[in-house]
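See structure below.
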Amino acid sequence: MNPLQNSYLSIEQAKDTYFKQSKQGKLQQADDGQTLSFERILNRLSEEQNESRGVTFSKHANDRLQSRNINLDEEQLNRLNQGVKQAKEKSIQESLVMMDNIAFIVNIKNNTVITAMDQQTNDSNVFTNIDGAVIV
């Protein structure tokens, strides 16, 4: 059995799941009145998967956490995920998430922490290339 076979929807499965057929055989429209496109279905499914798995940490972020001796517990990870969710709701792309004197730069679309630093190791307290900040 192919392990990848169960992890992805086929075109037919996606159609059956997201396109509802009316009695006339026409595709129903989304809540906003537009016909659902494959791109919109794919984006919606991707967003649902990102929200369910929580944030991931890039190699750079993992290296920074380890070198700066920053350890996150389950409660902090939940708060970080909540901050990322709030940033996503405000359409932020690159966010600074502040929590317990720890700063995280997060790519919201990819749900990925890019880097992390604590107040002791951050010399300048200047953050660039962000378009929003969340304090949790």
Exercise for review: Could you pull out all residues at least two apart from L72 that satisfy side chain to side chain contact (heavy atoms under 4.5 Å, CB included)?
Suggested key: F57, I70, Q76, L77, M99, I102, F104
Check your understanding: When rounded to the nearest 0.5 angstrom, what distance separates CG in D131 from OG in S91?
Key -> 9.5 Å
Review point. Does the S95 side chain pair with the main chain of I92, one donor and one acceptor, at a distance under 3.5 Å?
Key: no
Check your understanding: Does I114 reach the side chain of V106, with side-chain heavy atoms less than 4.5 Å apart?
Key -> no
Exercise for review: Answer yes or no: is there a donor N or O on one side and an acceptor on the other, between the side chain of N107 and the main chain of E94, under 3.5 Å?
Suggested key: no
Exercise for review: Can you spot which of Q82, K90, K88 makes a side chain to side chain contact (heavy atoms under 4.5 Å, CB included) with Q86?
Suggested key: Q82
Review point. Residues in side chain to side chain contact (heavy atoms under 4.5 Å, CB included) with N78, at least two apart?
Key: E74
**Study point:** side-chain contact (heavy atoms from CB on, under 4.5 Å) assessment of R64 paired with M117
**Key:** CA-CA 7 Å; R64 292 297 174 260; M117 62 199 75; over 6 Å; no
Review point. Are there more than 12 heavy atoms of other residues, nucleotides or ligands under 6.0 Å from atom CG of D73?
Key: yes
Study note, to complete from the structure: Sorted by chain and residue number, the side chain to side chain contact (heavy atoms under 4.5 Å, CB included) partners of E39 (sequence neighbours excluded) come out as S37, N43
**Study point:** E89, CD: over 12 other non-hydrogen atoms inside 6.0 angstrom
**Key:** yes
Revision key, fill the gap. Shortest non-hydrogen pair, A116 vs R68, comes out as O-NH1, 2.5 Å
Review point. If you look at every heavy atom in G54 and N81, which pair is closest and at what distance?
Key: CA-OD1, 3.3 Å
Exercise for review: Answer whether the closest heavy-atom distance between the side chains of Q93 and I108 falls below 4.5 Å.
Suggested key: no
**Study point:** Interatomic distance, D100 atom CG to L80 atom CG [nearest 0.5 angstrom]
**Key:** 10.5 Å
Exercise for review: Verify the distance criterion only: is there a donor paired with an acceptor across the side chains of T56 and T112 at less than 3.5 Å?
Suggested key: yes
Practice item. Please round to the nearest 0.5 Å and tell me the distance separating atom CG of L96 and atom CD1 of I105. Key: 4.5 Å
Check your understanding: Is there a donor-acceptor pair under 3.5 Å between the side chain of D118 and the backbone N or O of N101?
Key -> no
**Study point:** N/O donor-acceptor pair under 3.5 Å between R79 side chain and V136 backbone
**Key:** yes
